Student: 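The following block contains the structure, expressed as structure tokens.
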Amino acid sequence: MTAALRGLYAITDTPLLAGGKLLPYAEAALIGGARLLQYRDKSADDVRRFDEAQTLAELCRRHGATLIINDDLELAARLGVGLHLGQTDGSLATARARLGTEAVIGGTCHAQLELAERAVAEGASYIAFGRFFNSNTKPGAPAATVELLDQARARFAQPIVAIGGVTLGTAPGLIARGASMVAVIHALFAADSATEVEDRARAFAALFD
Ligand SMILES: Cc1ncc(COP(=O)(O)OP(=O)(O)O)c(N)n1
Ligand SMILES: Cc1nc(C(=O)O)sc1CCOP(=O)(O)O
Ligand SMILES: [Mg+2]
């Protein structure tokens with residue numbers, strides 16, 4: 001069955017979730033209603049990465065959500081889950097051929113509709129634009145404007161992900177302009193407890209009702 005690509009897209013951040021927070025906070029986001037969960041770990045520790053991703057895959061399965069691996073086609077293929085690739089992370093077409101027609105595969109398009117054209121042609125399931133606002137996690141990411149969403153929505157049938165500085169305050173404007181999903185790190189996971197993450201996830205998810 002194809003995953004429903006609408007709602008809260010939670011993205012983990014290893015430094016932010018250090019000290020044993022990764023699994024409880026990720027599960028709290030899923031309980032709160034996150035539909036997609038991206039495992040974003042920039043380390044080279046392949047053993048830990050596999051173990052964590054495998055556990056997250058099981059959590060996603062239990063909560064009816066979809067796990068997406070950031071950057072790493074091999075890990076996604078080993079686990080049989082989805083994948084997100086940026087402009088320098090490898091070919092979407094190769095990933096689609098390797099992971100099959102059902103896999104959820106997303107591509108970073110920054111603020112360029114041409115990149116989205118290419119991503120769609122190569123088989124992307126969703127196209128991600130950003131960053132829309134100041135981002136705590138990735139302050140140097142290229143900036144995008146909300147007007148881009150109007151153009152993207154008019155041009156593409158594929159679900160649109162908005163990322164970068166998304167908060168409970170900024171998300172409604174993005175959703176109103178056509179974002180099918182909002183991808184969030186800091187405003188979801190920079191929290192003092194798993195309960196707080198769950199409450200925030202529930203509030204993000206409710207924006208899509
Ligand atoms: C949903 C989503 N959108 C964009 C990105 C950014 O990908 P990329 O440009 O490859 O940057 P890194 O995340 O790898 O630092 C993303 N991860 N997820
Ligand atoms: C990983 C990432 N990619 C971006 C892009 O614009 O492509 S912005 C970003 C960070 C998103 O984290 P936060 O919700 O803390 O701003
Ligand atoms: Mg990347």
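Treat the numbers as computed from the prediction; the structure is a model and nothing was measured. Ligands are counted one by one from 1 in listed order, and the atoms in each one are counted from 1 as well.
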Student: List the atom of Ala29, the atom of Ala201, and the distance in Å for their closest heavy-atom pair.
Tutor: O-CB, 3.6 Å
Student: Suppose we measure from atom 3 (N) of ligand 2 to each protein heavy atom; which comes out shortest, and what is that distance?
Tutor: Ile163 CD1, 3.7 Å
Student: Could you check Asp45, Asp46, Asp41 and say which one makes a side chain to side chain donor-acceptor pair (under 3.5 Å) with Ser43?
Tutor: Asp41
Student: Verify side-chain hydrogen bond (donor to acceptor under 3.5 Å, both in side chains) between Ser91 and Arg96, making sure each step is shown before the conclusion.
Tutor: CA-CA 9 Å; Ser91 152; Arg96 175 59 70 201; over 6 Å; no
Student: Quick one: does Gln87 get a heavy atom under 4.0 Å from ligand 1?
Tutor: no
Student: Search all heavy atoms of Ala28 against all heavy atoms of Ala194 and return the closest pair with its distance.
Tutor: CB-O, 3.2 Å
Student: Mind checking whether Gln112 and Glu117 have side chains closer than 4.5 Å, heavy atoms only?
Tutor: no
Student: Under 4.0 Å, counting heavy atoms only: does Met181 come that close to any atom of ligand 1?
Tutor: no
Student: For Ala141, take its heavy atoms, then give the atoms of ligand 2 lying under 4.0 Å from any of them.
Tutor: 5 (C), 6 (O)
Student: Does a salt bridge link Arg48 with Glu52, judged by any charged N lying under 4.0 Å from a carboxylate O?
Tutor: yes
Student: Can Asp71 and Lys42 be counted as an ion pair, charged N to O under 4.0 angstrom?
Tutor: yes
Student: Are any of the N/O atoms on Arg131, whether in the backbone or the side chain, positioned under 3.5 angstrom from an N/O atom of ligand 2?
Tutor: yes
Student: Show me which atoms of ligand 2 lie under 4.0 Å from any heavy atom of Gly130.
Tutor: 6 (O)
Student: Between the side chains of His186 and Ser135, does any donor sit under 3.5 Å from an acceptor?
Tutor: no
Student: Considering only the protein, which heavy-atom contact is closest to atom 14 (O) of ligand 2, and what is its distance?
Tutor: Ile185 N, 3.0 Å
Student: Looking at Gln38, which atoms of ligand 1 are within less than 4.0 Å of one of its heavy atoms?
Tutor: 1 (C), 2 (C), 16 (C), 17 (N), 18 (N)
Student: Give the residue and atom name of whichever protein heavy atom lies nearest to atom 8 (P) of ligand 1, and the separation in Å to one decimal.
Tutor: Thr108 OG1, 3.6 Å
Student: Checking the N or O distance criterion of under 3.5 Å, is ligand 2 in contact with Gly165?
Tutor: yes
Student: Are the side chain of Thr108 and the backbone of Gln87 linked by a donor-acceptor contact shorter than 3.5 Å?
Tutor: no
Student: Please find the N/O/S atom of Asp89 nearest to the Mg ion (ligand 3) and write down its name.
Tutor: OD2
Student: Go through ligand 1 atom by atom and flag the ones less than 4.0 Å from a non-hydrogen atom of Arg40.
Tutor: 12 (P), 13 (O), 15 (O)
Student: What atoms of ligand 2 come closer than 4.0 angstrom to any heavy atom of His186?
Tutor: 13 (P), 14 (O), 15 (O)
Student: Report yes if the side chains of Leu113 and Gln151 come closer than 4.5 Å at any heavy-atom pair, otherwise no.
Tutor: yes
Student: Of all the N, O or S atoms in Asp71, which has the shortest distance to the Mg ion (ligand 3)?
Tutor: OD1
Student: Parallel, tilted or perpendicular, judged at 30° and 60°: which one describes the rings of Tyr25 and Phe189?
Tutor: parallel
Student: With heavy-atom distances below 4.0 Å as the criterion, list the atoms of ligand 1 near Ala128.
Tutor: 3 (N)
Student: Under 4.0 Å from a heavy atom of Lys42: which atoms of ligand 1 are those, numbered in the order shown and with their elements?
Tutor: 12 (P), 14 (O), 15 (O)
Student: Is the shortest N/O to N/O distance between Asp71 and ligand 1 below 3.5 Å?
Tutor: yes
Student: Does Phe50 have Arg78 sitting over its ring (NZ/CZ under 6.0 Å from centre, angle to axis within 45°)?
Tutor: yes
Student: What's the shortest distance from atom 2 (C) of ligand 1 to any protein heavy atom, and which residue and atom give it?
Tutor: His84 CE1, 3.3 Å
Student: Please state which part of Ser135 comes within less than 4.0 Å of ligand 2, counting heavy atoms only: side chain, backbone, both or neither.
Tutor: both
Student: Between Arg40 (side chain only) and Thr14 (backbone N and O only), is there a donor and an acceptor less than 3.5 Å apart?
Tutor: no
Student: Got an N/O contact under 3.5 Å between Thr137 and ligand 2?
Tutor: yes
Student: Who's the nearest protein heavy-atom neighbour of atom 11 (O) of ligand 1, and how far?
Tutor: Lys138 NZ, 2.7 Å
Student: Could you go step by step and tell me if Arg118 and Glu114 meet the salt bridge (Lys or Arg N to Asp or Glu O under 4.0 Å) rule?
Tutor: CA-CA 6 Å; Arg118 194 186 314 154; Glu114 300 70 25; over 6 Å; no
Student: Nearest to atom 8 (S) of ligand 2, what protein heavy atom do you find, and at what distance?
Tutor: Gly164 CA, 3.7 Å
Student: Less than 3.5 Å between some nitrogen or oxygen of Tyr9 and one of ligand 1, yes or no?
Tutor: no
Student: I want to know if ligand 1 touches His110 in the polar sense, i.e. an N/O pair below 3.5 angstrom.
Tutor: no
Student: For ligand 1, which atoms, with element, lie under 4.0 Å from some heavy atom of Gly86?
Tutor: 8 (P), 10 (O)
Student: Tell me which protein heavy atom sits closest to atom 10 (O) of ligand 1, plus the residue, atom name and distance to 0.1 Å.
Tutor: Asp89 OD2, 2.8 Å
Student: What heavy-atom pair brings Leu85 and Ala95 nearest, and what distance separates the two atoms?
Tutor: CD1-CB, 4.1 Å
Student: Compare every heavy atom of Leu67 with every heavy atom of Ala53, then report the nearest pair and how far apart it is.
Tutor: O-CD2, 3.5 Å
Student: Ligand 1 versus Ile11, non-hydrogen atoms closer than 4.0 Å: side chain, backbone, both, neither?
Tutor: side chain
Student: Of all the atoms in ligand 1, which lie at a distance below 4.0 Å from a heavy atom belonging to Ile163?
Tutor: 2 (C), 3 (N), 4 (C), 18 (N)
Student: Number the atoms of ligand 2 from 1 as they appear, then name those within less than 4.0 Å of a heavy atom of Arg40, with their elements.
Tutor: 1 (C)
